[in-house]
Amino acid sequence: MMNLAGKRVLIAGGASGIGAATAEAYRQAGAETAVFDISFKAKRSGEGRLELPVDLSDAAAVDAAFARLWRHWDGLDVLVNNAGVELVATLEETTEAAWDRLMGVNLKSVFLCCKAALPKLKQSRGCIVNTASQLAFVGAGSFTAYTASKAAVVNFTRSLALETAAYGVRVNCICPGAIDTPLLRRQFEGKRGPQGTIDDLVGLHPLGRLGRPEEIANCILFLSSPLASFVTGSAMLADGGYTIQ
Ligand SMILES: NC(=O)c1ccc[n+]([C@@H]2O[C@H](COP(=O)([O-])OP(=O)(O)OC[C@H]3O[C@@H](n4cnc5c(N)ncnc54)[C@H](O)[C@@H]3O)[C@@H](O)[C@H]2O)c1
C-alpha cells in the first residue's frame, strides 16, 4: 500500500463509481480528501474529509467551492478531475443543450478546477490527474460528442503539463476502458446499449471483462505519487487492451 500520509487531495466528481473508489483509496493511503460532487445533498466534514455539493460546470459554484476549500486547507497537493457524464446519441440526435451540458461537465469543469487550484499546486509542487477515456483515441458510433470531450481532455492535459513543468507541477490523465460503474450501467438500462449487450462490450476488451473502479483508482494514485515523479503529460491507458486491437 502506498503511503500518502499528509497529502491533501481534492477529487472533483467523487461521489460515485471511479471517483468514490479513488477517494477511498487515497484515504486508505493516509491522505486527507475533499470531494466536490453535484449529487451531494449537503456539506459534510469529519475525520480528514470534506464533501461539498457543487455543480462543477458552473464557474460561480466552482469559485465558491474553492473559497470554502481554502478555509478548510491552506494548500493542495493533488487535484483529480473526474466528473463526467455520458451522452449516447448520434450527431443528428444531439441537441445543442445536450452538447453544452456534456462539454460543461466533461471539459469545462477540468478547466475551471485546474485554474482555481493551480496557484496552490505551484506552491506545493503538486499534481493533477484528469479522467479522460480510451474513447479519446478511437471513434465510437453514438458517442460523437463524448469522444470529442475526452480527446480534448487528453490534449488539455498535455498542454497544461508544458505550462506547469517549470513549477514542478505534473499533469497527467488516466484513460479507462469500460469500467463497471453506474455511468456504464445506465447505457444498458432496459435496452441494448450502443455497443450491444454488456457481454458484447466485454468482448471488446482482450482481458475478457469489465474493469473495476478500484483498478482505475490505483492508476490515479500511482500517477499522483512519487513513484511517477518523471511522468508528466501522459495519457495512461487502463482499458483491458480495448485500443490495441
Ligand atoms: N465507467 C466507464 O466505463 C468509464 C470509461 C472511461 C471514462 N470514464 C470516465 O470516468 C469518470 C467517472 O465516471 P464513472 O463511470 O465513475 O461515473 P459515475 O456516474 O459513477 O460518476 C461520475 C460522477 O460525476 C459526478 N458529476 C456529474 N456531473 C457533475 C457536475 N455537473 N458537477 C459535479 N459532479 C458531477 C456524478 O455525480 C458522479 O458522482 C467520468 O469522467 C467518465 O467519463 C468512465
Side-chain angles (χ1 to χ4, degrees), residues 10-25 33-41 43 51-66 79-88 97-98 100-113 116 128-138 140 143 145-154 156-157 173-189 193-195 198 201-202 204-205 207 209-217 219-220 223 235-240 242-243:
L10 169 62
I11 296 119
S16 162
I18 292 168
T22 301
E24 185 53 33
T33 58
V35 177
F36 294 170
D37 199 289
I38 198 168
S39 70
F40 291 140
K41 297 281 177 278
K43 169 183 161 274
E51 295 176 352
L52 290 180
V54 187
D55 179 352
L56 290 160
S57 66
D58 177 336
V62 170
D63 277 354
F66 274 93
L79 166 65
V80 179
N81 286 305
N82 178 74
V85 286
E86 88 283 37
L87 176 63
V88 181
D100 286 346
R101 173 172 178 266
L102 182 86
M103 293 298 170
V105 179
N106 292 10
L107 183 57
K108 184 178 167 190
S109 73
V110 180
F111 155 70
L112 292 174
C113 290
I128 297 172
V129 183
N130 299 320
T131 305
S133 168
Q134 97 280 28
L135 296 183
F137 300 103
V138 291
F143 282 104
Y146 182 85
T147 56
S149 72
K150 293 302 187 178
V153 169
V154 170
F156 176 96
T157 298
C173 61
I174 181 70
C175 302
I179 310 300
D180 201 350
T181 67
L183 177 142
L184 180 106
R185 291 281 166 180
R186 279 195 294 274
Q187 294 168 16
F188 296 89
E189 265 166 11
Q195 290 161 310
I198 291 250
L201 182 60
V202 166
L204 295 173
H205 294 72
L207 286 184
R209 62 176 176 83
L210 301 179
R212 297 187 302 276
E214 297 75 19
E215 294 177 298
I216 303 307
C219 296
I220 293 173
L223 287 171
M236 180 185 196
L237 282 160
D239 69 351
Y242 185 105
T243 50

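Just so you know, residue 1 is the first one in the sequence shown, and it goes up from there. Counting starts at 1 for both ligands and their atoms, in listed order. Fair warning: this is a prediction, and the values are worked out from it, not measured in the lab.
The contact shell of ligand 1, taken as protein residues with any non-hydrogen atom closer than 4.0 angstrom, comprises A15, S16, G17, I18, D37, I38, S39, V54, D55, L56, N82, A83, G84, V85, V105, T131, A132, S133, Y146, K150, P176, G177, A178, I179, T181, P182, L183, L184, R186.
Taken from CD1 in I18 to CD1 in I216, the straight-line distance is 5.5 Å, to the nearest 0.5 Å.
Taking a cutoff of 4.0 Å between a charged side-chain nitrogen and a carboxylate oxygen, R209 and E215 qualify as a salt bridge. Salt bridge D180/R185: present, at least one basic N to carboxylate O contact under 4.0 Å.
Between the N82 side chain and the T131 main chain, no donor and acceptor come within less than 3.5 Å of each other.
Residues passing the side-chain contact (heavy atoms from CB on, under 4.5 Å) test with L183, sequence neighbours excluded: E86, T181, R186, Q187.
The only member of I11, L10, V110 that meets side-chain contact (heavy atoms from CB on, under 4.5 Å) when paired with N81 is V110.
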